[in-house]
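Below, chains carry the letters A, B, ... as their sequence lines are ordered, and counting in each starts from 1.
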Amino acid sequence: KNEVEQSPQNLTAQEGEFITINCSYSVGISALHWLQQHPGGGIVSLFMLSSGKKKHGRLIATINIQEKHSSLHITASHPRDSAVYICAVRRNDMRFGAGTRLTVKP
Amino acid sequence: ETGVTQSPTHLIKTRGQQVTLRCSSQSGHNTVSWYQQALGQGPQFIFQYYREEENGRGNFPPRFSGLQFPNYSSELNVNALELDDSALYLCASSLDREFTGELFFGEGSRLTVL
């Protein structure tokens, strides 16, 4: 079993919908990252969390350390949000989820 | 634009050959980490360099090695290439070797081993 599990694996939404991507992990961590990867490969760091909640524009990330769970929310989704979203946890190294492929249709 | 550049962007090698991938970190960042991402999978941590020394390694064999230079740029070397080494190789730079700071990723080097 992977130490970092994401759900769903694939997600298709209509423009404007509210989107939630979940990440569960089974190990102790010092921080959790949400990353965005567009076709072609480059990765952009969206959030780094060690507790609570962070918001940036239409993106919100939350983490519950006790439950070992984090969520990434996208409000008013747009086709340009289409990408793979990856959860990664920091210990003395980095462990990554397999990613959630999001497609937002106009 | 993260300020982290990787070269080459694409390359093709044959089994048994050796490859060197390069990464220039963002200005002021003293830590570089390398990742392997096979098609359709999440990245896997290879190793991290802090101030020219390796200070963390994932589950990769010794034929994966690296260097960090005084200007904090870095190289990933892979010897005796195998077909399964075909992947996107990503580097990331940060200010902090303890993985508590933000990571800035390059665009990656896509390696195909035939």
Residue among Q44(B), Q37(B), Q41(B) with most heavy-atom pairs under 4.5 Å to chain A
Q37(B)
Quick one: do I65(A) and V27(A) end up in the same hydrophobic cluster if we chain Ile, Leu, Val, Met, Phe, Trp and Tyr together by side-chain heavy atoms under 4.5 Å apart?
yes
Between F105(B) and L88(B), is there shared hydrophobic-cluster membership here, with clusters defined by ILVMFWY side-chain heavy atoms closer than 4.5 Å?
yes
Structural part of R57(B) lying under 4.5 Å from a heavy atom of chain A:
neither
Rounding to 0.5 Å, atoms CZ (F45(B)) and CZ (R90(A)) come to a distance of 10.5 Å
With rounding to the nearest 0.5 Å, note down the distance linking CG in D93(A) to CD1 in I46(B).
12.5 Å
With side chains defined as the heavy atoms from C-beta onward, is the minimum distance between L103(B) and M48(A) less than 4.5 Å?
no
Please examine the side chains of F104(B) and V44(A), heavy atoms only from C-beta on, and report whether any two atoms are closer than 4.5 Å.
no
Does atom CG (L114(B)) have a neighbourhood of more than 12 heavy atoms from anything else shown, all under 6.0 Å?
yes
Ring-ring centroid check Y35(B) F96(A), cutoff 6.0 Å
yes
Path from F60(B) to Y49(B) over hydrophobic side-chain contacts below 4.5 Å
yes
L21(B) with V113(B), same ILVMFWY side-chain cluster at under 4.5 Å
yes
Does the side chain of P43(B) come within less than 4.5 Å of L35(A)'s, by heavy atoms?
no
Using heavy-atom distances under 4.5 Å, tell me whether Q6(A) contacts chain B through its side chain, its backbone, both, or neither.
neither
Tell me whether the count of non-hydrogen atoms from other residues, nucleotides or ligands lying under 6.0 Å of CG in N59(B) goes above 12.
no
Neighbour count >12 (heavy atoms, 6.0 Å) for atom CZ, R15(B)
no
